[in-house]
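In what follows, a structure is listed as structure tokens, so that the remarks can point back to it.
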Amino acid sequence: MYVGDKYDKIVELARRRGFFWPSYEVYGGVAGLYDLGPLGTLLKNRIVDKWREWFVRRHQDLVVEVETPIITPHKVLEASGHVKHFTDPIVECLKCGRRFRADQLVEERLNIKAEGMGVDEIGRIISEEGVKCPVCGGDLSNVRLFSLLFTTTIGPYSHDIGYLRPESAQGMFTSFKRVYEAFRERLPIGIAQIGKVARNEISPRQGMVRLREFTIMEVEFFFDPENPSCEVLGRCYGKLRLLTADARIKGVDKPLELEVMEALENGVIKTPWTAYWMCVARNFISDLGIPENQMYFEEKLPNEKAHYSAQTFDQLVRVSRWGWIEVSGHAYRTDYDLSMHMRYSGQDFRVFKRYEEPLTVKTQKVVINKALIGRIFKERSSNVINAISSLDVNTLRTLLTSDEEYVRVEEYLIPKNAITIQEVTEKISGKHIIPHVVEPSFGAERILFVVLDNSYSEEGDRVVLRLPRSLAPIQVAVYPLVNDEALEVRAKQIYEELVNKGLYVVYDDSGSIGRRYARADEVGVPIAVTVDYQTLEDSTVTLRDRDSRTQIRVRRDEVAIKILSFLANSLNIT
RNA sequence: GCGGCGGUCGUCUAGCCUGGUUAGGACGCCGGCCUCCCAAGCCGGAAAUCCCGGGUUCGAAUCCCGGCCGCCGCACCA
């Protein structure tokens with residue numbers, strides 16, 4: 001289908017025709033940063049729209065979309081664990097240049113606990129104990145911290161540290177209660193967000209596949225851990241291609257194909273909602289033109305998982321240059337994030353779960369006669385009351401059954417008649433739970449590259465970008481067959497009409513007709529309208545299909561409707 | 001961050017070894033002519049900080065050093 005290195009050709013095409021190129025090229029460029037050009041921006045927008053269609057619009061009874069800031073205060077990422085888990089103490093061998101986790105090195109060499117030690121302390125231990133490079137024996141550099149978080153300051157005070165978010169998820173967790181209330185306290189609920197994130201990768205390569213700044217599209221889907229079933233699982237059809245962690249450990253590298261229900265019953269996927277969103281992810285990627293045999297889900301091994309995840313699957317797609325690359329991650333984050341934010345913020349992120357039938361529970365309640373205590377103990381009364389309250393009912397009951405008139409609680413002698421134990425029946429209408437979260441998360445630019453890689457083809461000496469019609473940045477091309485005023489006028493009218501239908505259209509009258517078809521094919525324009533001399537006689541034009549290169553002649557007044565149905569895949573030109 | 005290789009019009013490249021060119025070509029692009037359907041032809045045009053900085057030299061795209069960027073391998077990739 002193509003010759004030579006496809007990746008190089010795609011990159012060359014991307015620069016030349018305006019899909020993407022390295023940012024700040026005029027200053028030498030910065031690794032991991034890319035500009036999207038005019039066509040790249042259109043294509044990315046179509047991918048983003050399609051994601052929104054699959055994950056939000058089609059689930060509008062379950063999922064809502066929000067937008068939260070990129071700049072994130074220190075406290076938020078401290079709570080989420082990113083400050084800790086994104087920052088490693090690192091030493092470098094001054095001789096061979098290899099880098100090591102300083103704390104791990106100290107633990108291995110000296111068999112002491114180094115985790116959580118400060119940089120200075122680890123550095124002191126390394127120099128005092130004479131720890132050397134474990135590979136070449138060279139001297140080690142000073143210990144420094146390396147964080148994948150981009151740091152900034154908020155406002156004029158340099159101690160107000162902020163970060164560029166490394167994922168959009170924390171914005172959804174911190175606003176969870178608001179969204180939950182605004183959406184009338186429904187569970188399950190998904191909160192979606194599309195936006196930029198930044199990760200200060202040590203050494204980004206692989207072009208659009210590993211960026212320091214990219215667009216993430218993710219859903220935090222909150223559900224009741226006591227009722228994790230997915231009521232829309234019936235919407236899933238077809239098999240998932242899965243490679244489990246167990247299989248990977250055994251050295252298996254071929255995914256198995258399982259029905260969703262099978263995968264859940266076998267325990268391969270731990271939660272129904274993860275399985276459900278994996279199905280949607282498969283459908284979404286298929287919808288971008290990626291064949292199903294070119295994708296599968298791979299379960300992460302325990303040491304590969306993020307700190308917050310109980311189970312993670314990555315969705316992999318095959319590309320020409322690098323083989324299988326990740327286009328989405330599906331993490332079961334449990335209640336990790338909400339719990340951490342509860343602890344750090346002091347706010348209550350639990351939701352009230354109403355029982356179907358209120359429970360009637362008989363309990364025993366300690367009633368303290370505070371008036372009596374007050375009269376006796378005066379200013380010490382609250383200490384006394386606290387002391388009594390800290391005892392459980394059974395202990396108190398035992399104390400009260402003694403023959404004495406007083407009971408001793410801590411250093412206080414309290415008259416028995418100040419304390420009574422009552423049987424009460426309480427009605428409990430529900431309880432508080434912390435929702436669990438499953439998270440499907442996609443990188444938009446990476447998917448953009450995957451789409452280009454998948455669509456790129458060569459026909460003889462010409463390039464045809466076989467983009468799905470619904471993704472094409474430019475949807476229609478309009479041409480006069482030759483340079484002739486009469487033809488140009490007609491063609492321009494058609495151009496105007498199609499623009500007014502909401503389409504992205506290109507008009508081109510430069511060069512031979514073959515050259516213009518080739519120009520359009522190269523950027524994936526799916527259909528072309530050509531005005532020729534016959535148009536002047538009988539008001540018909542030709543429509544040409546990019547992929548089959550065949551043409552049909554249609555009436556001038558049917559052009560727009562035919563093109564719209566062609567773009568909607570309900571008309572084919574063969 | 002380490003090692004290897006590379007960086008010349010928009011793109012692909014010649015030139016570099018052996019220092020002195022108006023830095024050449026092709027494709028693409030723009031304008032004109034021609035052309036009744038798949039990168040035809042003819043004429044003209046615009047287009048290169050030779051990646052950046054420093055050094056050697058009368059003179060550097062070319063030699064040397066440092067940096068940046070890219071690819072590959074290692075390390076890293078929540």
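All chains are named by letter (A, B, ...) in the order of the sequence lines, taking the proteins before the strands, and each is independently numbered beginning at 1. Scope of the values below: all heavy atoms of this structure, side chains included, with no hydrogens, waters or symmetry mates.
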Check whether any side-chain nitrogen or oxygen of Ser510(A) sits under 4.0 Å from OP1 or OP2 of C29(B), and answer yes or no. no

Checking base pairs now: Watson-Crick or wobble, both atom distances under 3.5 Å. What partners C2(B)? G73(B)

A47(B) and C29(B), which share atom name C1', separated by this distance in whole Å: 9 Å

Could you tell me which nucleotide pairs with A40(B) by Watson-Crick or G-U wobble geometry, both distances under 3.5 Å, or answer none if nothing does? none

Return yes if the base of C36(B) and the side-chain atoms of Asp532(A) contain a donor-acceptor N/O pair under 3.5 Å, otherwise no. no

A48(B) and A14(B): how far apart are their C1' atoms, nearest whole angstrom? 14 Å

What I want to check is whether an N or O donor and acceptor connect the side chain of Glu201(A) with the base of C77(B) at under 3.5 Å. no

Just so I know, are the side chains of Pro526(A) and Phe566(A) near enough to count as touching, which here means a heavy-atom distance under 4.5 Å? yes

Which sits closer to the 5' end of RNA chain B, Asp545(A) or Asp8(A), going by the nucleotide each is nearest to? Asp545(A)

Between Thr274(A) and Phe221(A), is the side chain to side chain contact (heavy atoms under 4.5 Å, CB included) condition met? List the steps. CA-CA 9 Å; Thr274(A) 301; Phe221(A) 193 82; over 6 Å; no

Tell me: CD of Glu25(A) to P of C52(B), nearest whole Å? 14 Å

What's the closest nucleotide to the Leu481(A) side chain, out of C38(B), A40(B), C37(B)? C37(B)

Is there a donor-acceptor contact under 3.5 Å from the side chain of Gln311(A) to the main chain of Lys270(A)? yes

At under 4.0 Å between heavy atoms, what does Asp521(A) touch on the DNA or RNA strands: base, sugar-phosphate, or nothing? nothing

Testing Asn200(A), Thr72(A), Leu77(A), Leu148(A) one by one against Pro166(A) for a side-chain contact (heavy atoms from CB on, under 4.5 Å), which residue passes? Leu77(A)

Any side-chain N or O of Ser512(A) less than 4.0 Å from the OP1 or OP2 oxygen of A39(B)? no

Measure distances between side-chain N and O atoms of Arg544(A) and base N and O atoms of C38(B), and say whether any donor-acceptor pair falls under 3.5 Å. yes

Counting only side-chain N and O atoms of Arg515(A), is one of them less than 4.0 Å from OP1 or OP2 of G28(B)? yes

Sticking with atom C1', work out how far C12(B) lies from C76(B), rounded to a whole angstrom. 34 Å

C77(B) C1' sits how many Å from Glu298(A) CD, rounded? 14 Å

Identify whether the distance between the nearest side-chain nitrogen and carboxylate oxygen of Arg553(A) and Asp532(A) falls below 4.0 Å. yes

Tell me whether the side-chain N/O atoms of Arg519(A) come closer than 4.0 Å to OP1 or OP2 in C29(B). yes

Criterion side-chain hydrogen bond (donor to acceptor under 3.5 Å, both in side chains) on Arg490(A) and Thr535(A), from CA distance to verdict: CA-CA 9 Å; Arg490(A) 301 292 180 105; Thr535(A) 309; over 6 Å; no

Just N and O in the side chain of Arg462(A): are any of them under 4.0 Å from OP1 or OP2 of C38(B)? no

Expressed as a whole number of Å, how far does the C1' atom of G10(B) sit from that of G55(B)? 33 Å

Mind checking Gln534(A) for me? I need base, sugar-phosphate or nothing, with any heavy atom below 4.0 Å counting as a touch. nothing

Between U49(B) and G44(B), how far apart are the P atoms? Round to whole Å, please. 25 Å

To the side chain of Tyr7(A), which of C36(B), C29(B), C71(B) is closest? C71(B)

Checking only heavy atoms, does the side chain of Arg516(A) share a donor-acceptor pair with the base of C38(B) at less than 3.5 Å? no

Donor-acceptor pair (no angle test) under 3.5 Å: Tyr517(A) side chain, C37(B) base: yes

Arg446(A) to Phe214(A), cation-pi by 6.0 Å centre distance and 45° axis angle: no

Does the base of C29(B) carry an N or O that pairs as donor and acceptor with the side chain of Arg16(A) under 3.5 Å? no

Would you tell me if any nitrogen or oxygen in the side chain of Arg321(A) comes within less than 4.0 Å of OP1 or OP2 on C72(B)? yes

Taking atom C1' in both A60(B) and A23(B), compute the distance separating them and give it to the nearest angstrom. 13 Å

Phosphate OP1/OP2 of G10(B) contacted by Trp21(A) side-chain N/O (<4.0 Å): no

Pair assignment for U21(B), Watson-Crick or G-U wobble, requiring both distances under 3.5 Å: none

Is there a donor-acceptor contact under 3.5 Å from the side chain of Glu522(A) to the main chain of Arg462(A)? no

Residue Ala31(A), side-chain atoms from C-beta onward, closest of C37(B), C69(B), U35(B): C69(B)

C9(B) to G28(B) separation - C1' atoms, rounded to the nearest Å: 11 Å

Taking C36(B), C72(B), U11(B) as options, the one with an atom nearest any side-chain atom of Trp322(A) is C72(B)

Atom-to-atom span, CG of Asp5(A) to P of C5(B) - whole angstrom: 20 Å

Using purine N1 to pyrimidine N3 plus N6-O4 or O6-N4 for Watson-Crick, or N1-O2 and O6-N3 for G-U wobble, each under 3.5 Å, what pairs with C34(B)? none

Distance between C1' atoms of U11(B) and A39(B) (Å, rounded): 15 Å

Who does A47(B) pair with, Watson-Crick or G-U, both distances under 3.5 Å? none

Taking a pair as Watson-Crick or G-U wobble with both distances under 3.5 Å, which nucleotide is matched to A26(B)? U11(B)

